[in-house]
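Basis for what follows: all heavy atoms, side chains included, without hydrogens, waters or symmetry-related copies. Bear in mind that the values here come from a model prediction, so they are computed numbers and not experimental data.
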Amino acid sequence: MRRFTDLVSESFIWSVGITRPKPGQERMAAIYITATLAATILGAIAIFLLLLTVLRH
């Protein structure tokens, strides 16, 4: 079974159409892509919760 980061990276490459990383740099690219997507999702959740809290008062 492949690593989770590899699956996320491969999915992102196919869906968004970014250029594949150079040979030997696939692992670092997979970690970078996964971390960037996770940070984006967490940021969106944080903003949603902040807005929810502000609008309740």
Side-chain angles (χ1 to χ4, degrees):
M1 185 172 157
R2 299 175 77 178
R3 294 183 182 134
F4 176 73
T5 54
D6 293 338
L7 292 173
V8 170
S9 175
E10 193 65 29
S11 299
F12 191 79
I13 288 169
W14 277 97
S15 63
V16 179
I18 63 172
T19 305
R20 290 195 166 280
K22 294 178 182 177
Q25 295 182 341
E26 293 94 350
R27 184 76 185 127
M28 185 57 79
I31 292 170
Y32 178 78
I33 290 169
T34 303
T36 303
L37 287 173
T40 302
I41 291 169
L42 290 175
I45 291 171
I47 290 171
F48 174 75
L49 293 175
L50 179 67
L51 288 174
L52 190 64
T53 305
V54 169
L55 293 176
R56 279 184 137 186
H57 289 120

Q. Distance-only, no hydrogens or angles: does the Glu26 side chain make a donor-acceptor pair with backbone N or O of Gly24 under 3.5 Å?
A.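 Yes, Glu26 side chain to Gly24 backbone: donor-acceptor pair under 3.5 Å.
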query: Just by modelled atom types, is the Thr5 backbone N or O under 3.5 Å from a matching donor or acceptor in the Ser9 side chain?
result: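 No, because the side chain of Ser9 does not come within donor-acceptor range (under 3.5 Å) of the backbone of Thr5.
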Listed once per pair and sorted, the salt bridge (charged side-chain N to carboxylate O under 4.0 Å, His left out) pairs that draw on [range], sequence neighbours left out:
range          : result
residues 7-16  : Glu10-Arg20
residues 40-57 : none
residues 34-52 : none
residues 27-40 : Asp6-Arg27

Remaining members of hydrophobic cluster (4.5 Å side-chain criterion), [X]:
X     : answer
Ile47 : Leu51
Leu52 : Ile41, Ile45, Phe48, Leu49
Ile31 : none
Val54 : Leu50

Run the side chain to side chain donor-acceptor pair (under 3.5 Å) test against Thr34 and tell me which residues pass, sequence neighbours left out.
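Per chain and number, Thr34 pairs via side chain to side chain donor-acceptor pair (under 3.5 Å) with no residue.
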Does Val8 share a hydrophobic cluster with Leu42, counting links as ILVMFWY side-chain heavy atoms below 4.5 Å and allowing steps through other members?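 In one cluster with Val8: Leu42, no.
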ILVMFWY cluster, Ile13 and Leu37 together (side-chain gap under 4.5 Å) |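 Yes, one cluster joins them.
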message = Going by side-chain contact (heavy atoms from CB on, under 4.5 Å), name the residues that satisfy it together with Val16, two or more places apart in sequence or in a different chain.
response =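 For Val16, the residues satisfying side-chain contact (heavy atoms from CB on, under 4.5 Å) (neighbours in sequence not counted) are Phe12, Ile18.
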Exercise for review: Check side-chain contact (heavy atoms from CB on, under 4.5 Å) between Ala29 and all other residues, then give those that pass, not counting sequence neighbours.
Suggested key: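 So Ala29 forms a side-chain contact (heavy atoms from CB on, under 4.5 Å) with Pro21.
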